[in-house]
Amino acid sequence: MGEFEKPEKELAGIKKALVPEEKITEIPIEKRTPEQMLERGKELVDKGEINPQSITEEIANGKQRALQPDEVASLVYYKAKLDKEFDSVYKKIDEAIKNENFNEFAKKYITAFFDDLEELKRMKADIYPKATEHMDDIISMIESLEDKGFAYNIDGNVFYEVSKFKEYGKLSGKNIDDLVSGARIEINEDKKNPLDFALWKKAKSGEPYWESRWGKGRPGWHIECSAMSCKHLGEYFDIHAGGNDLIFPHHENEIAQSVASNDKPFVKYWLHFGFLNIENEKMSKSLSNFITARDVLARHSTEAVRLFFTQAYYRGPLNFSDELLVAAGKGLEKFKNLVDRISLELNKNRTEGAAPDIGIKQFEDKFIAAMDDDFNTAQAVAVIFDFVKEVNRRITETEHISVEFYKNVKVFLEKTAVEVLGIMNFDVDDKSANKDIDVNFIQQMIDRRTEAKNEKNYARADKIREELKELGIELKDSKEGTTYKIVN
RNA sequence: GGCGCUGUAGCCAAGCGGUCUAAGGCGAAGGUCUGCAAAACCUUUAUUCGUCGGUUCAAAUCCGACCAGCGCCUCCA
């Protein structure tokens, strides 16, 4: 095979690396060579006969069990495969560091990130601070923590002393004693307390470093957030958001750092959002069950993706699948059809007709109330759907409707669905329009079909409609004539 | 083991003590319009909210237990 190295070592390391040792009651004595095991493991996993990941989870979740020889083989293969994947990532990073172009390395991903955000119509933040550009702020915050007695320096490594901060654990509802006795915390010899976390890490040879009064090193995770938010937003600011997984330890540590350093409360409101799940599991790099924004946007419109998200509450978990996005896209059709209709009517510029009162103010009030209620976007979206239905109802009920009516409708939708939620779009979507299609050609075909219809030659009319549909042009007949829509 | 989140129609998902015989979307069924489509509209699609108890005049909503799924508690961000 030769693809992986030292499988016998992996065999010995399974218990330690993949599953809690005490949970495995027995590992069978292997008669196969390590190479044979790898081969067998690959076969089983590739064919889907054994899922090593589920075995590790099952055991990690408390089940005690004996392993079967084939299961061991699959675990060996799994471990080797993971190592190989991680190695390739580390190799890339190492190379970037060695070539002293890690700024370039990062820039590539930052650019891609912004591209995706724009595609998703995310509003831009005012500032996107970089930790590497705030070293002075970071270092002085650590200095102040050390000076105030919240941090200690051990041989160039500076740690935050958790026990000095009375309110530690308040945000996450944790209790220091529970945490200390928790089985999963490894004791680091350097720290006074296993919960103490690094503020400054001494540089190992070959690593990038910055100068400080503790020597060459780099900041620990957490401190850059405290330092940068303090600098740009002030020592005490209104809202701090983040994923649920950051509550502990990251946000807890940010509070500890900022409060201790500034002698002030840190933030007023914490917003923590639920995970995007795949098959009910957190989407994450380590589970390699992630989908990139780019992939999704290649298959679904921005509005569909946004509608999908806004139809659920931000705090809860949300399962992600192509199927659900397709359903969201279908719902969007209702919006698109109305948008098309409005554009059409506004172009006609007809002044006569009625402008029925559908109580826009009430819809507006409901929309605002929903958004005010901790961003209940699901309810806000429901208001939009109700509104659209009401508008359509009036259109079908009323003989002649004035431009005024459509204008009012458009204003409301722009204020809510377009600007706030971003689930509707009044601009002509260049991306979906097929520029190769000649407008004159379409009109000619429509005229020919109308002719056929007048002659009651429906077979011919239907055939023309079919042909155009294959070109991505959908025809719609109405009292006022035939219109078309480019779909793709 | 500790802390926390979730469980509502075929699917997604709001509602979090009375207005709930439970919003909205997708799907499905029937209808109006139409030569037919499409769109749009109308009607139907949960007497019930994971299970079992309790509190209350009143519970999907509060409390308790249990069941199921997920997450954090370790490195990295």
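Residue numbering restarts at 1 for every chain, and letters A, B, ... go by the order of the sequence lines.
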Mind listing the N/O atom pairs, protein and nucleotides 43-46 of chain B, below 3.5 Å?
none

### Whole-angstrom distance between B/rA23 and B/rG64, as gauged at atom P
29 Å

### Query
When all nucleic acid strands are considered with a 4.0 Å heavy-atom cut-off, which category describes A/N244: base, sugar-phosphate, or nothing?
nothing

Between N or O atoms, less than 3.5 Å apart, protein on one side and nucleotides 9-19 of chain B on the other: list the pairs.
unit_1, atom_1, unit_2, atom_2, d
B/rA13, O2', A/Q311, O, 3.3
B/rA14, OP1, A/Y313, N, 2.7
B/rA14, O3', A/N376, ND2, 3.1
B/rA14, O2', A/Q379, NE2, 3.0
B/rG15, OP1, A/N376, ND2, 2.9

### Message
Return the pairing partner of B/rU55 with a 3.5 Å limit on both distances, Watson-Crick or G-U wobble; otherwise return none.
### Response
none

### Task
May I ask you to decide whether A/D386 forms a salt bridge with A/K366, counting only side-chain N to carboxylate O separations under 4.0 Å?
no

#### Entry: Pairwise C1' distance for B/rU8 and B/rU51, with rounding to whole Å
15 Å

### Task
Once you apply the 3.5 Å cut-off to both distances, tell me the Watson-Crick or G-U wobble partner of B/rA39, or none.
none

### Query
Taking side chain as C-beta onward, heavy atoms only, is A/N337 less than 4.5 Å from A/N392?
no

### Task
Examine A/F367 together with A/F387 and report whether their ring centres are nearer than 6.0 Å.
no

### Message
Considering every strand and a 4.0 Å limit on heavy-atom distances, what is the contact class for A/K174: base, sugar-phosphate, or nothing?
### Response
base

### Message
Output the rounded distance in Å from NZ (A/K334) to C1' (B/rG25).
### Response
8 Å

### Task
Measure the distance from NE2 on A/H300 to C1' on B/rG25 and round it to the nearest whole Å.
16 Å

### Task
Would you kindly give the CZ-to-C1' distance between A/F113 and B/rA77, to the nearest whole Å?
13 Å

### Query
So, for A/F335 and A/F385, is the gap between ring centers shorter than 6.0 Å?
yes

### Note: A/D340-A/K336 ion pair, threshold 4.0 Å (strictly below)
no

### Query
Should the heavy atoms of other residues, nucleotides or ligands under 6.0 Å from CD of A/Q362 be counted, would the total exceed 12?
no

### Query
Roughly how many Å is it from CZ in A/F387 to C1' in B/rA23, rounded to a whole number?
18 Å

### Query
Using purine N1 to pyrimidine N3 plus N6-O4 or O6-N4 for Watson-Crick, or N1-O2 and O6-N3 for G-U wobble, each under 3.5 Å, what pairs with B/rC3?
B/rG71

### Query
Quantified in whole Å, what is the C1' atom distance between nucleotide B/rG7 and nucleotide B/rA39?
38 Å

#### Entry: Nucleotide opposite B/rC66 in a Watson-Crick or G-U pair, distances under 3.5 Å
B/rG50

### Task
Scan A/I395 against the nucleic acid and name what it touches under 4.0 Å (heavy atoms): base, sugar-phosphate only, or nothing.
nothing

### Task
Searching all strands shown, indicate the nucleotide that pairs with B/rC20 (Watson-Crick or G-U wobble; both distances under 3.5 Å).
none

### Message
Between A/H250 and A/D245, do the side chains contain a donor N or O and an acceptor N or O under 3.5 Å apart?
### Response
no

### Query
Which heavy atom of A/A241 sits nearest a heavy atom of A/F273, and at what distance?
CB-CE2, 3.8 Å

### Message
Taking the nucleotide of RNA chain B with the nearest heavy atom to each, does A/V326 or A/N337 sit closer to the 5' end?
### Response
A/V326

### Query
Does A/R460 reach the main-chain N or O of A/E451 with its side chain, forming a donor-acceptor pair under 3.5 Å?
no

### Query
With a non-hydrogen cut-off below 4.0 angstrom, is A/A327 in contact with a base, only sugar-phosphate, or nothing?
sugar-phosphate

### Beyond-backbone contact of A/T416 with A/M371, side-chain heavy atoms, under 4.5 angstrom
no

### Option among A/W270, A/F275, A/Y269 that satisfies the ring-ring contact (aromatic ring centres under 6.0 Å, His included) test with A/H272
A/W270

### Message
Does the structure show a Watson-Crick or G-U wobble partner for B/rU45, both distances under 3.5 Å? Name it, or say none.
### Response
B/rG27

Close N or O pairs between protein and nucleotides 36-38 of chain B (under 3.5 Å):
unit_1, atom_1, unit_2, atom_2, d
B/rC36, O2, A/R465, NH2, 2.4
B/rC36, N3, A/R465, NH1, 2.8
B/rC36, N3, A/R465, NH2, 3.4
B/rC36, N4, A/D477, OD2, 2.7
B/rA37, N6, A/D477, O, 3.3
B/rA37, N1, A/D477, N, 3.0
B/rA37, N3, A/R465, NH1, 3.2

### Nearest-angstrom distance, P atom, B/rU61 to B/rG18
12 Å

### Query
Is A/Y314 close to A/L271 at the side-chain level, that is, under 4.5 Å between some pair of heavy atoms?
yes

#### Entry: C1' atoms of B/rU34 and B/rU45, separation to the nearest Å
26 Å

### Query
Distance between the P atoms of B/rC63 and B/rC5, in whole angstroms?
11 Å

#### Entry: Whole angstrom value for the distance that separates C1' of B/rA77 from CZ of A/F248
16 Å

### Query
Just checking A/K201: base, sugar-phosphate only, or nothing, at a heavy-atom cut-off of under 4.0 Å?
sugar-phosphate

### Nearest-neighbour nucleotide for the A/K389 side chain, B/rA40, B/rC42, B/rA23 considered
B/rC42

#### Entry: Separation of the P atoms in B/rA9 and B/rA65, to the nearest angstrom
25 Å

### Query
Under 4.0 Å between a Lys/Arg side-chain N and an Asp/Glu carboxylate O for A/E390 and A/R393?
yes

### Message
Roughly how many Å apart are B/rC67 and B/rG50, using the C1' atom of each and rounding to a whole number?
### Response
7 Å

### First encountered from the 5' end of RNA chain B, between A/K330 and A/E390
A/K330

